[in-house]
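Comments concern the structure below.
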Amino acid sequence: MKNQSALLTAGSLFLFGAAAFGAPSASSPEEAVEKGKTAYQMNCMACHMVETKLVGPSLVGIAETYPEEKRAEFLAWAKEPGKKDPRLMQMPPMGHVPEETLANIHAYILDVSVGKKEVRGNSRFQSYKEPERELPYVVRGFMPHSSPASLGIVLKENISVCWDTEACRLRYIWPGDRTILKKGHTVADLRAEPFYRETADRLWSLAGDEKPDFLGYRLKPDGSPELAYRIGEIEVREHINNGAQGGMIVRHFTLSDEVGELKLNLEQDTKAIVVSDKGELKSGTLTLTGADTKSFTLTISKP
Amino acid sequence: MKHLSIGLIAIANLAITSALEAQQPDWSDYYAFEKIALPEKVDHQIGGLTTLSDGRIAACFNSGEVQIYDPKDQSWTEFAHGLMTPLGILEEPGGSLLVMQWTELTRLSDTDSDGKADFYETVFDDFGVTGNYHEFAYGPARDSEGNLYIALNVASNNGGVFKQVRGPWSPVGLDKKHMDEDNGRSIDDEYKKEAGRMYSRVPYRGWVIKITPDGKAEPFASGFRSPDGIAIDEDDNLWVTDNQGDWKGTSPLYHVEKDGFYGHPASLTWKEGWTRNPLDVSVEELQAMRTREAALFPYGDMANSPTQPIPTIDPEKFGLPEGELLIGDMNQPNLIRYLGEEVGGVLQGAVIPFLLTPELGIGNHRFTFTPDGDLLIGKIHQKWAGDEGLVKVVWNHQPLFLVEKVHLLENGFEITFNAPLGDEVPEWTISRHTYTYHGEYGSPKVDEAEVKITAATVSDDRKSVRITLPEIKGNYLYNLTVQKAVDSESRPLMGDSIYYFVNTPASEQAAP
């Protein structure tokens, strides 16, 4: 009847054993394998299975790469792991495991792999797939050509909007309907070119030197977002939704206060058709005055 | 061993089966583990978990949803969606929920009372985000005055940064052009060292931030690496766990105070008045600046990647004494009890394994106690060592024989149990080691040695043991293990390996 504490210190006990450099610290090969098994369970098993490649390669795979004569390379990897398979994460260094113990683990890996084949990573987890969503759907994620703090606004009819909460502005609109923007923390692959992309450094003539401050967003009953941000004294609300016809989006703006004159620089390097219900839109700049500045609507359509 | 469970926790089973075959104390004599069915259309990894004032449970999932579980009919309903890596959740007095996302602390409010959040309000986003894959954000924890605390990871040089980052980029260090990610390419090997293994080039990566009820934020404490666990206890102590790695020889628990520096230099970039490259600062200088740990979790033995601390509740409900912290871990199939004490003004203490059983499994990430006193555990793996799902741990109200207190003496330890020891005097074994504070990844156990026990005396009421040692060394982790300890009713001691981190020996402390 062993005590649990015996196990809890198993990894460290080998420290006391006298061992030749890099060789398993055991009087017999069987003992090395046995000790290696315990140490493997404590230190490596969370990521390495015997036959299945999951977080890291299987022991069978490791045994192939590191046969008996490559013990030194095995030890070197464990202490200072490199990066090989780009689909896998970086393995943490195992410097806390004494060299003799690592050698025992190596002996165990070679022993347990004899006659076994690596099986493909049949994940131990529920495989999560993006479900069918009700659109519009608003989701945060990393997106190309925008700050890391961006929102994807996935509308109906295969239209998505990238909205940057750092700059407080719409960046671009592209044909797409994926509501999971990221895999891990990689940047979303849009799979299509934007059909509308704003290029001006500054959208609002209001901005002055003040950086706009993002306040959050409200979801309307149909799921479409109304984004809120402050530019100086003015709070702006921007409601984004599908337009009356396919391939069209509407941006409805509401300002907390009327301003004398307001300009929006809507220059684009795309060829979308932009229409405003108020003011004058000329060579990419929308000019509004008086009461018109309090509330207006832009409609953007695919060319 | 009873009820070897199969399926999702099979890995963990394998990992410790051989150890447990031989283990006498069996946690399943006291606690049952039940899986709670989760909604189908979400990723079953849980980033945040909390019990609401009406007894329902709110969980945030890795796929960005907040869902609410009603234990009455075991139903789940969506409260919010589209969040980015939510890693913490907290209810506010009015019923709104605070959620920590990758890029901001968000208040989710249901303003039209239809059961779903319709206002996703930005509470705090005044911190930098580079796009690096390692910049997790944790919290919030709330103190009795309503202040919120969040914790921000540093970035890893296994990845680069976006061309467009949020927050001012510090020019001190490797030129950004060598760090810009291009189609997933990370920093070239030749530049990795100059980038620093972990880096903080936008504010306030590697810091804990305090946000007051009126929305003012202040950088509160620095020196963190990957502080996945942040909690406030009943006495308003702020506790943060961190992950073993560079500058963290083994995973620590910190008692965090304002302006403290907790060891990882990358964060110093954002210290007021600081201008140097943190990579150029000597170990000695950092050593002198840093606050030592309140506890250490020996890597590989007890915790590799510690997670959330949660204060224990009424002993009548869950069986553990009140005033302790329970802490989880990603890699080891056990939880950890932290028994802290203040000795001469310094918080230090012991960690003891709890629920070391394959039925618990690994990936134990987020915790909440239900009104009935059951412990809910949300699991996560992030494609790394871990698991997924929601597990309920229910105590069967059989009293457990436990260590209740570990007290550091000038020349040893006093261990107090919650019941008198049986007639046999149990055998103690003591060893100690320390870790090196350095920039390399983790530290081996250093200067490990067995310690001879000069005397071990049992008190008259048989409820405590005084162990005398030749000396006590500061900055050492003492492992006290006891064999065959049973109480007067022959119940085995649950948790018989104690790791006490002597932050500062009693002899070195100022007299009270």
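In what follows, chains carry the letters A, B, and so on, assigned in the order in which the sequence lines appear, proteins first and then strands, with residues in each chain numbered from 1. Just so it is clear, the structure is predicted and the values come from calculations on it, not from any experiment. Below, each value reflects all heavy atoms present in this structure, side chains not excepted, and no hydrogens, waters or symmetry copies.
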Exercise for the section: Please lay out, stage by stage, how A:K79 and B:E440 fare under the test side-chain contact (heavy atoms from CB on, under 4.5 Å). Expected result: CA-CA 11 Å; A:K79 281 184 276 183; B:E440 273 133 72; over 6 Å; no
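- Counting only heavy atoms from C-beta outward, the side chains of B:Q244 and A:H96 approach each other to under 4.5 Å.
- Residues B:H81 and A:Y137 place their aromatic rings such that the two centres sit under 6.0 Å apart.
- For B:Q101, the part sitting under 4.5 Å from any heavy atom of chain A is the side chain, from C-beta outward, and nothing else.
- Heavy atoms of other residues, nucleotides or ligands lying less than 6.0 angstrom from CG of A:D201 number 12 at most.
- Both the backbone and the side chain of B:T122 come within contact range of chain A, with heavy atoms under 4.5 Å apart.
- Here B:E40 does not pair with A:K129 in a salt bridge; the nearest charged N to carboxylate O distance is not below 4.0 Å.
- For A:D189, no part sits under 4.5 Å from any heavy atom of chain B, backbone or side chain.
- The contact between A:E80 and chain B is made entirely by side chain atoms (from C-beta outward), counting heavy-atom distances below 4.5 Å.
- Within the 4.5 angstrom heavy-atom criterion, atoms from both the backbone and the side chain of A:P148 approach chain B.
- Looking at B:T130, the atoms closer than 4.5 Å to chain A (heavy atoms on both sides) all sit in the backbone: N, CA, C or O.
- Looking at A:S146, the atoms closer than 4.5 Å to chain B (heavy atoms on both sides) all sit in the backbone: N, CA, C or O.
- Both the backbone and the side chain of B:D118 come within less than 4.5 Å of a heavy atom in chain A.
- Put simply, of A:D164, A:L151, A:V138, the one with the most heavy-atom pairs under 4.5 Å next to chain B is A:V138.
- For the atom pair B:K163 NZ and A:S147 OG, the distance stands at 15.0 Å (nearest 0.5 Å).
- With a 4.5 Å cut-off on non-hydrogen atoms, B:E104 touches chain A through its side chain but not through its backbone.
- Within the model, atoms CG of B:D189 and NZ of A:K83 stand 11.0 Å from one another, a figure rounded to the nearest 0.5 Å.
- Residues A:L215 and B:E121 form no side-chain contact, since every pair of their non-hydrogen atoms from C-beta on lies 4.5 Å or further apart.
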List the atom pairs, with distances to 0.1 Å, where a side-chain N or O of residues 216-223 of chain A and a protein N or O form a donor-acceptor pair under 3.5 Å, not counting sequence neighbours.
| from | atom 1 | to | atom 2 | distance (Å) |
| --- | --- | --- | --- | --- |
| A:D222 | OD1 | A:S224 | N | 2.9 |
| A:D222 | OD1 | A:S224 | OG | 2.7 |
| A:D222 | OD2 | A:N241 | ND2 | 2.9 |

